[in-house]
> 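Encoded as structure tokens, here's the structure I'll be asking about.
Chain letters run A, B, ... following the sequence lines, proteins first and then strands; every chain starts at 1. Just so you know, these numbers use all the heavy atoms, side chains as well, and skip hydrogens, waters and symmetry mates.
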Amino acid sequence: MPNRIIKWIDQRFPLTSFVKHELTGYPTPRNLSYWWNFGFLAGFVLMLQVATGIFLAMHYKADVALSFDSIQHIMRDVNYGWLLRYMHSTGASAFFFVIFVHMARTLYYGSYRAPRELLWWTGQGLLLLLMATAFMGYLLPWGQMSFWGATVITNLFQATPFYGEQVVIWLRGDYTVGDATLSRFFALHYLFPFIIIGAVIVHLVALHSVKSSNPSGIDLAAKDNIPFHPYFTIKDLYGLGLFLMVYCVFVFFMPNSLIEPANNIPANPMQTPNHIVPEWYFLPFYAILRSVPNMVGGVVAMGLSVMMFAFMPFLDRSRIPGGAHYRPIYRLQFYLFMLDMLVLGYVGYVPPTSQTMLIGQIATLCYFASFFLVPFISKVEERWLIKRGLPPQLMALMESESAGIAKRKLKPQRRKGDMA
Amino acid sequence: MKKFMTLLACCCFASSALASEAKLEAVKVGVDLQTVARGVDAVMNSCHSCHSLKYIKYHDLVNLGIDKSVVDTWRGDQPMDSAMLAQMSESDAVQAYGKAPPDLSLMAKARDGGASYVYSYLLGYYITPEGMSGNHIYPATKMPDILGISGITDEAGRAEAQGKARDIVSFLAWAADPDEQTRHKLGYYVLGYLFVLTFLLYLVKNQVWSKLK
């Protein structure tokens, strides 16, 4: 009977072939480490945020007079409302944590390199969408930090050439952050996750076209690829269990460690908090913003700092595969970059003093230098590594890979020929 | 190299930057009913005339385990499910103090340091050389020294005031997060469940992957 149903469906919809192509027959490199679990985890957290968010929206009121109270209503009167809200507020941090690890893995192993540039760029788009969604969601509790964070960030759009003032008013729907802002941020905070889901599908289509990279940085021979299901479904589920344990420690035992104390004070447009800090996941970018004395320059630097990742496929000129694995200088550069991010995060967190301003400026320079120096360093490193002598098996793999890339470049020409 | 310098500089400055913050006396809040009950009693007698607790309803106190007859005396003729609003109206408070006293429902998590902040603040009063009342933690405060800490000179009196401050803070911590105990209890079950589930998934994963060789 089930076979007959599946046959009936298959005549009308490519169910079996889809499952075979994307799951049971989808070739995945067998040497993937646990660093490759984070893409699946990001998808899981997205679903978790959508699910908890929909239920929170049933009890939330997007109105400056009611929103702060409605959060307390969720926390105190709604059955397990505190659980929903803490899962959602912790989930935002979990989402960024997972995405940052996912990106760091891509940078470390050079997964952004040909032919995965588009995959990387769709990911970059997802990062921007995620940041926008998180920023708008943070306004909704209508606490002091919500209000002042939104005020500071929407103010930055004054840097728009010619139409600065108008753009800020257009974003806020008012001259200041107010009821109009809150209502539209709520509407968009509900909309954006569905745009993210669409973008995730594009990301997955791109992934399934070029397939996963792997720690060696070289596309493996067919025999070293194994089907995604059951090998990676079970590995992802095991990773999910580990992730959920950490997540639940935060949700059940320290949820308030991720909520700024000042956000437990209702928004007061007449009183600026002593020290406005964004959520931890924006701190490095906030530090870059503050490091540039000129406002327009700061906004450009901050925007650029988020977008720099997209240039990596062009900046990395080395033909040595394996990302940081076979490239000692790139590896050192990667760790220094991570360190620089931590320094920037610290600078973004503390109140600005002349000392931290200086540290922030140096760290900002280092941040951009670590990108702009990549073309030169990677070229020099490549020459040095080849002169020093690469392992023979690596040379062979490189040749096969460059042959593969050459083949890809030939493809469109051949098609043109076919048509003629 | 630049980055190493940055890190070094950062480590040197980090300690001095942190040290400049106001020193709080750490307090471990009580979660037992006796402490919280003493706390609510102190709050009703010392704070509630000016401060509201608008997210707490009188029946929340009964549900917590406070004697119903005591709650009845506090609520007077207000219904059981009315919010614990201050006895003094906001306009009177503004006239008396220059600004409305803040609501206390979330006070235990609305300041950096949380409960320790409130505890240190309550005990932070002193008499300035000019004979005025001052506060180490929040110098701009308009609130009088309710525990009379600035007038206490003997050790026993100070210990008593500390105990009372801890009771108040314990109640405020409960008010800010009334489901904390439930959350912790549920958390242990969830983590236990996840631990078993993850261990089983680990075994299944090894089982599945063992087919490869």
> Given that the side chain runs from C-beta out, which part of Glu260(A) has a heavy atom under 4.5 Å from chain B: side chain, backbone, both or neither?
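The side chain, not the backbone.
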> CG/Asn206(B) to CD1/Ile234(A) distance, rounded to the nearest 0.5 angstrom?
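Here the rounded value is 9.5 Å.
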> Heavy-atom cut-off 4.5 Å, strictly under: side chain, backbone, both or neither for Phe199(B) against chain A?
neither
> Could you tell me the separation between the CG atom of Leu242(A) and the CG atom of Leu201(B), rounded to the nearest 0.5 Å?
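Atom-to-atom, Leu242(A):CG and Leu201(B):CG are 9.0 Å apart.
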> Just checking Trp209(B): does its CH2 atom have more than 12 heavy atoms from other residues, nucleotides or ligands closer to it than 6.0 angstrom?
yes
> Under the 3.5 angstrom rule, does the side chain of Asn264(A) hit a backbone N or O of Leu106(B) as a donor-acceptor pair?
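Pair absent, no side-chain N/O of Asn264(A) close to backbone of Leu106(B).
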> Quick check on Asp69(A) against chain B: is it the side chain, the backbone, both or neither that has a heavy atom closer than 4.5 Å?
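Its backbone and side chain both get close to chain B.
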> At a heavy-atom separation under 4.5 Å, does Ala175(B) approach chain A through its side chain, its backbone, both, or neither?
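For Ala175(B), the backbone is the part near chain A, not the side chain.
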> Around Tyr80(A), counting heavy atoms of other residues, nucleotides and ligands shown, do more than 12 lie under 6.0 Å from its OH?
no
> Please look at Phe195(B) and chain A and tell me whether the side chain, the backbone, both or neither of the residue comes under 4.5 angstrom of a heavy atom of that chain.
both
> Please look at Ile226(A) and chain B and tell me whether the side chain, the backbone, both or neither of the residue comes under 4.5 angstrom of a heavy atom of that chain.
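Looking at Ile226(A), just its side chain touches chain B.
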> Heavy-atom count check: over 12 atoms from other residues, nucleotides or ligands less than 6.0 Å from Phe371(A) CZ?
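More than 12 heavy atoms, drawn from other residues, nucleotides or ligands, come within 6.0 Å of this atom.
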> Taking atom OH of Tyr231(A) as the centre, does the number of heavy atoms from other residues, nucleotides or ligands within less than 6.0 Å exceed 12?
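Counting neighbours around OH of Tyr231(A), more than 12 heavy atoms of other residues, nucleotides or ligands fall under 6.0 Å, so yes.
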> Find the distance between CZ (Phe243(A)) and OG1 (Thr198(B)) and round it off to the nearest 0.5 Å.
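OG1 of Thr198(B) is found 12.0 Å from CZ of Phe243(A).
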> Taking only heavy atoms into account, what residues of residues 86-102 of chain B are found under 4.5 Å from chain A?
none
> Parallel, tilted or perpendicular: which fits the ring planes of Tyr238(A) and Tyr202(B), with parallel below 30° and perpendicular above 60°?
tilted
> In terms of heavy-atom contacts, does CG of Asn274(A) have more than 12 from other residues, nucleotides or ligands at under 6.0 Å?
no
> Mind checking the CG-NZ spacing from Leu237(A) to Lys205(B)? Nearest 0.5 Å is all I need.
12.5 Å
> Would the number of heavy atoms belonging to other residues, nucleotides or ligands and lying under 6.0 Å from CZ of Phe376(A) be above 12?
no
> Answer yes or no: does atom OH of Tyr193(B) have more than 12 heavy-atom neighbours from other residues, nucleotides or ligands under 6.0 Å?
no
> As an exercise: rank Lys54(B), Arg111(B), Gln207(B) by heavy-atom pairs under 4.5 Å with chain A and give me the winner.
Arg111(B)
> Residues of residues 55-80 of chain B under 4.5 Å from chain A (heavy atom pairs)?
Tyr55(B), Ile56(B), Lys57(B)
> Is the closest side-chain heavy-atom distance between Leu191(B) and Phe252(A) below 4.5 Å?
no
> If I measure from the heavy atoms of chain A, does Val190(B) come under 4.5 Å with its side chain, its backbone, both, or neither?
side chain
> In Å, rounded to the nearest 0.5 Å, how long is the span from CG of Leu197(B) to CG of Leu244(A)?
8.5 Å
> Given the options Lys185(B), Arg183(B), Met107(B), which has more heavy-atom pairs under 4.5 Å with chain A than any of the others?
Arg183(B)
> Sort out for me which of Met75(A), His73(A), Gln72(A), Gln144(A) touches chain B most, counting heavy-atom pairs under 4.5 Å.
Gln72(A)
